[in-house]
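Just so you know, these numbers use all the heavy atoms, side chains as well, and skip hydrogens, waters and symmetry mates. Quick note: residue numbers are just sequence positions, from 1.
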Amino acid sequence: QDEYKPDKDLSEVDLKNAIRVHHALATKASDYSKKSNVLKLKTADWRVFLFQAPSKEEMLSWILRINLVAAIFSAPAFPAAICSMKKFCRPLLPSSMTKLCQEEQLKSHENKMKQIADELAEHKLHPVEKSLKSKEAEEYRLKEHYLIFE
């Protein structure tokens, strides 16, 4: 709501409240009907933000620009931590610029989509009892949520 002033330094509060767009995805908020021209931003830490643009054209422009910047600052994920326990750990998502060209990045995303789809299919082949409230059931739900989100 505050007007942006390019010559003003960012405060610690500004930086703390900034939305990190690395590994984020902006889409039209088609499931939101209270207002028009609303876009949804899903961040790497699974937060969801809704933004309303003044027009459909501007909304589409914001989506395009946000996704472009997100792609630039979405270097490939580091592998998840490895330990002797079977606990699920999400991979680390760096917020550094990718060193891949657009074609390589697209290929990388296509490969990651296939890998995650295969992993989700394999995951669903070995469900745990839904009634269980154990750590195992919670781990199963967490991994499934992550795979679907990705």
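- N111 pairs in a side-chain contact (heavy atoms from CB on, under 4.5 Å) with only one of the listed residues (K107, Q115, M113), which is K107.
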Show me the donor-acceptor pairs within less than 3.5 Å that the side chains of residues 24-37 make with the rest of the protein, sequence neighbours left out.
residue	atom	partner	partner atom	Å
D31	OD1	K40	NZ	3.2
D31	OD2	K40	NZ	3.1
N37	OD1	K56	N	3.2

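- With hydrogens and angles disregarded, no donor-acceptor distance shorter than 3.5 Å links the side chain of E58 to the backbone of S55.
- In this structure, NE2 on H23 lies 12.0 Å from OG1 on T43, to the nearest 0.5 angstrom.
- Under the 4.5 Å side-chain heavy-atom criterion for ILVMFWY residues, no single connected hydrophobic cluster contains both I19 and L64.
- Linking Ile, Leu, Val, Met, Phe, Trp and Tyr whenever their side-chain heavy atoms come within less than 4.5 Å leaves L41 and V38 in two separate clusters.
- Grouping the Ile, Leu, Val, Met, Phe, Trp and Tyr side chains by contacts below 4.5 angstrom, directly or via other members, places F49 with L39.
- Summarising the local packing, CD of E12 is surrounded by 12 or fewer heavy atoms from other residues, nucleotides or ligands at distances under 6.0 Å.
- Each of E144, E138, E139 was scored for a salt bridge (charged side-chain N to carboxylate O under 4.0 Å, His left out) with R141, with one residue passing: E138.
- Relative ring orientation between H145 and W46 is described as tilted, the plane-to-plane angle lying within the 30° to 60° band.
- Taking the side chain as every heavy atom from C-beta outward, V69 and R65 never approach each other to under 4.5 Å.
- Aromatic rings of H126 and Y140 (six-membered ring for Trp) have centroids beyond the 6.0 Å cut-off, not under it.
- There is a path of hydrophobic side-chain contacts, each under 4.5 Å, that joins L142 to I148.
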